[in-house]
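Each remark here refers to the structure printed beneath this line.
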Amino acid sequence: MKLKHLVSALLFSLLISCSSEEQSNSNEISLENASQEAVIEKSEDQNSAFDSFKNAFIESYWQVNPNSALYAGFYAYDDQLELPTKENKQRYLEFVNATLKSLNNFDIAKLDKNNAGDFYIIKNTLQASEWYITEFRPSEWDPSSYNVAYGFGLILNTDYKSLDERLTTISKKLTNVPAYYLAAVENITTPTIEHTELAIQQNNGALGVFTKDIPEALGKSTLSDEEKEIVNTKSALAAQAISKYVTWLEAKKEKISDGGAKNFRIGEALYEKKFKFDIVSDFSAKQLFNKAIESKDELHKQMIKITRGLWPKYFAEQAFPENELLAVKQLIDHLSVKHIDREGFVDEVKRQIPILEAYIKQADLLDLDSSRPLVVRETPLYQRGFAGASVNAPGPYDATANTYYNVTPLDDYSPEQAESYLREYNHWMLQILNIHEALPGHYVQLVHSNKSPSMIKSLFGNGAMIEGWAVYSEKMMLESGYGNQEPELWLMYSKWNLRVVVNTILDYSIQVLGMTKEDGLDLLMNQAFQEKTEAEGKWRRATLSQVQLTSYFNGFAEIYDFRESVKKAKGSEFNLKEFHNEFLSYGSAPVPIIKKLMEQSNEPKL
Ligand code: ZN
Ligand code: ZN
């Protein structure tokens, strides 16, 4: 389950804007101001100077990334479609370098902890985007990075101004679509087959926005016939440009299919670099991979031990199978039958939240804030699309204070689908899901994070820290005694945890070690107890993306190891609640940065 956050959308946004000279000038001006301010106030008050710098940075960042601004709910540049041209890329690199230069005027030792965290995050974000543009260069080999539908769909479906106004915005934005796809074709040199196929599929899917959704919305608007005619014409031209792009890709695919395509596996050197920028870890990718292998073996051992212990209770008449992992699978399947019925699913989640809350208080694990309650609700219809649960955090430009825990009722499922889903989220797994999503996982982390409000951290928060905390909180709860050390709960937890461990092994093995599909499916199905559909989906995802699948395990391992080392160093002085409260007080900064800042703040003051 993924927390809705913007990290990846922003980090991966390499397409540059500035369709007019006017805008690029104003970028330069605001950056210059920021850097001057920084120099002038340097000796006086680093923190207030840094605040001004941050504001100027965000403002310029939206100007050069209008698409990211739109996704973040900042609508000032909603009518612009950034063109992926070489000139715009160059201009973006200049923006990055100018900002890095201003950033380096600050003395990090003089910044408070909130600003120090933001300093590192901005630096990493800028260095990462520079690396993406100059070295990783997906714009040359990933044709699926070109797709305009999402931005248009977002404007069409978000009620941030009247429909007429949104259609007028769309009309302006449509102008650049043909030029956008021409620039795309210009950029693509040697694509991979896999990303070419994905691009064909997704851009075909995009057509509906221009042939159906926009014309339909025009029908409901009160624009004049003349205005409607203009939008319709532009929309048809956009659809034509997309169709041409798809045709070009099909020909390209034909040409490269017998040799000449780029391998989708990025190899060790690029993988290590991408890991460094996307994850921000004290481990190297290779170290994390080795750690995941160890964890998998350790989890298998524990699961076999638990299964041996429980075997007589559930299978008294049956000898313990020779293949120990098959025995584990048999027990998991047997236990999974214990689940809530489909009608009661959402109510059961609602029932569990106060129980988790009471447990956390009683066990004194960390601070909760009753003034910012979690609202459990059925997932709104417009957000459904896949089943499951997710936390809907208020965005940085979103005035709503409520945090929602969206749970999708199983209404649309066939009896077979519902049964399969309910077995997956059985009596024990559902508790772990609620720990992960809500308490003390994503929701609690967010409440703490909002106590030191930082626009930088809400926009560029570290995904490995956010997911790592949620995964860490599962084990921490069970260790502290939640569920009374019930072996069945530990067995289900181990299967759940095995998923994040195996994601790391799979990603590294595919991208660096050349793992075959057959071996990949064996890993997921026979060593991690996954169903075939889930395993096939995971394989496909790991061929199309790199590194992201390791973020959960990395964050978990870093937080867990850090806690253990602080515990050891402090001995009887160690207090778990204090540790958690301090750890969470740094917002969604990368774990290595939180570690550094916590170590500094714990140094004895003379
Ligand atoms: Zn999560
Ligand atoms: Zn059942």
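Every number for a ligand or one of its atoms is a count from 1 in the order of the listing. One-based numbering along the sequence shown.
Qualifying side chain to side chain donor-acceptor pair (under 3.5 Å) partners for Trp490, counting only residues two or more places apart in sequence or in other chains: Gln485.
Here Glu437 fails the criterion, with no N, O or S atom under 2.8 Å of the Zn ion (ligand 1).
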Scan the side chains in residues 526-533 for donor-acceptor partners under 3.5 Å anywhere in the protein, sequence neighbours excluded, and list what turns up.
{"residue": "Asn526", "atom": "ND2", "partner": "Asp522", "partner atom": "OD1", "Å": "2.7"}
{"residue": "Gln527", "atom": "OE1", "partner": "Lys296", "partner atom": "NZ", "Å": "2.6"}
{"residue": "Gln527", "atom": "NE2", "partner": "Asp522", "partner atom": "OD2", "Å": "3.2"}

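Of all the N, O or S atoms in Glu467, the one closest to the Zn ion (ligand 1) is OE1.
Ring geometry for Phe562 versus Phe583: interplanar angle of 30 to 60°, hence tilted.
Within the protein, the number of N, O or S atoms lying under 2.8 Å from the Zn ion (ligand 2) is 3.
At a threshold of 4.5 Å between non-hydrogen side-chain atoms, the residues Ile304 and Leu325 count as touching.
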*asked:* If you apply the rule ring-ring contact (aromatic ring centres under 6.0 Å, His included), what do you find for Tyr405 with Tyr443, and how did you get there?
replied: CA-CA 8 Å; Tyr405 185 8; Tyr443 155 69; 9.1 Å; no

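Computed with the Zn ion (ligand 1) at the centre, the His436 NE2 to His442 NE2 angle is 100°, stated to 10 degrees.
A side-chain contact (heavy atoms from CB on, under 4.5 Å) with Pro440 holds for exactly one of Glu474, His448, Met476; it is Met476.
Applying the salt bridge (Lys or Arg N to Asp or Glu O under 4.0 Å) definition to pairs two or more places apart or across chains, those involving residues 300-309 are Arg308-Glu324.
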